[in-house]
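Beneath this line is the structure, given in structure tokens, with notes to follow.
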Number of protein chains: 2
Amino acid sequence: MKLTTKGRYAVMAMADLASNINSGPISLREISLRQNISVAYLEQIFIKLKKRKLVKSSRGATGGYLLEKPASEIRISNIIFAVDEEVKMLNCKKNSKKGCNNKTTKCITHNLWDELDQHIHQFFEKVKLQDLVKKELN
Amino acid sequence: MKLTTKGRYAVMAMADLASNINSGPISLREISLRQNISVAYLEQIFIKLKKRKLVKSSRGATGGYLLEKPASEIRISNIIFAVDEEVKMLNCKKNSKKGCNNKTTKCITHNLWDELDQHIHQFFEKVKLQDLVKKELN
DNA sequence: CTAATTCCTATTAAAATAGTCGGATTTAAA
DNA sequence: TTTAAATCCGACTATTTTAATAGGAATTAG
């Protein structure tokens with residue numbers, strides 16, 4: 001589970017969509033203005049969200065994006081995964097020369113990072129997009 | 001809570017110390033060989049560990065490092081904090097211009113990242129250095 | 001047509017991380 | 001008293017990752 005501002009932007013943008021569900025397709029320009037993220041950067045993010053079937057698009061003037069499923073069926077983990085691809089950055093598999101190569105002896109911390117990764121994953125698994133939008137209303 | 005390989009190295013090195021508790025001061029050279037981390041890099045890490053009173057050093061030939069407290073009293077969170085200083089990288093405070101400035105409206109994801117941060121912190125708070133060393137014996 | 005949009009790829013800029021280097025100081029032991 | 005091995009210290013460099021921009025092509029409502 002990789003956590004960067006790109007992931008945060010993606011969640012913000014998705015929450016923005018979820019908050020404006022009745023307005024027809026939302027253009028990236030609108031999201032850009034509301035969330036203060038450049039359109040070009042949002043484009044990159046939305047291509048990935050679309051690939052993972054979290055949003056659908058309509059092109060041309062008055063085009064934009066809509067949630068592909070109800071906000072209650074989209075988990076935060078789905079969003080993070082969509083834009084940050086890589087599943088694990090915390091453990092040792094990344095640099096196979098150094099540290100833990102998983103062959104002879106696992107490095108001492110191997111299990112620890114694995115467990116943390118699961119921990120984080122479960123956290124994002126529990127929270128749905130709908131929950132964020134509700135919270136915002138408080 | 002910031003998570004980098006430097007933090008992982010620090011945990012590995014501390015676990016190494018804890019595993020060799022009866023051998024007198026352990027030199028960075030030994031740790032370097034066992035854990036495959038350069039001595040120069042270990043130096044940087046140990047200066048910080050020392051500052052936070054997690055290890056004590058003796059200088060000169062035959063010098064090296066020892067745990068300052070029993071492994072059962074050192075939490076993983078202590079180690080991560082010692083080397084990675086910064087408390088939060090996940091939330092929005094980092095870049096104050098963009099995203100959440102916490103004044104007008106909190107950005108939608110603000111609470112989410114805060115909660116995650118606590119979540120991770122609690123995880124590392126629970127695990128003690130001693131636990132790692134025990135696990136290694138399996 | 002035109003303007004606004006998604007779509008696509010490549011490139012650049014900025015920041016963070018990882019790691020090195022050179023030397024000063026300390027100390028046990030030959 | 002010399003030597004070798006160690007900690008200590010600060011600056012520097014290299015690498016990688018992340019963030020963001022640039023320049024267009026394709027699509028479509030009005």
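In what follows, chains carry the letters A, B, and so on, assigned in the order in which the sequence lines appear, proteins first and then strands, with residues in each chain numbered from 1. Since this is a predicted model, take the numbers as computed values, not measurements.
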For [X] and [N], give me the distance from atom [atom1] to atom [atom2], rounded to whole Å.
| X | N | atom1 | atom2 | value |
| --- | --- | --- | --- | --- |
| A:Y41 | C:dC8 | OH | C1' | 17 Å |
| B:F46 | D:dC9 | CZ | P | 15 Å |
| A:N36 | D:dA19 | CG | C1' | 14 Å |
| A:I26 | C:dA4 | CD1 | P | 18 Å |
| A:L49 | C:dT6 | CG | P | 13 Å |
| B:I47 | C:dG19 | CD1 | C1' | 15 Å |
| B:L42 | D:dC8 | CG | C1' | 14 Å |
| B:I45 | D:dC9 | CD1 | P | 16 Å |

Identify the heavy atoms of A:L132 and B:T109 that sit nearest to each other, and give their distance. CD1-CG2, 4.4 Å

Heavy atoms under 4.0 Å, any strand shown: does A:K50 hit a base, just sugar-phosphate, or nothing? sugar-phosphate

Mind checking B:Y65 for me? I need base, sugar-phosphate or nothing, with any heavy atom below 4.0 Å counting as a touch. sugar-phosphate

Just N and O in the side chain of A:S38: are any of them under 4.0 Å from OP1 or OP2 of D:dA19? no

Within less than 4.0 Å of OP1 or OP2 of C:dT17, is there a side-chain N or O belonging to B:T4? no

Please check: side-chain N/O of B:R75 versus main-chain N/O of B:K128, any donor-acceptor pairing under 3.5 Å? no

Do side-chain atoms of B:S19 reach the backbone of B:A15 as a donor and acceptor pair under 3.5 angstrom? yes

Between the base of [N] and the side chain of [X], is there any donor-acceptor pair under 3.5 Å?
| X | N | value |
| --- | --- | --- |
| A:Q44 | C:dT9 | no |
| A:E43 | D:dT21 | no |
| B:R59 | D:dT7 | yes |

Taking for A:S57 and for A:A61 the nucleotide of DNA chain C with the nearest heavy atom, the one nearer the 5' end belongs to A:A61

DNA chain D: A:T62 or B:V39, which has the more 5' nearest nucleotide? B:V39

Classify the ring geometry of A:F46 against A:Y65: parallel below 30°, tilted from 30° to 60°, perpendicular beyond 60°. tilted

Kindly assign one of parallel, tilted or perpendicular to the pair B:H119 and A:F123, based on the angle between their ring planes and the thresholds 30° and 60°. tilted

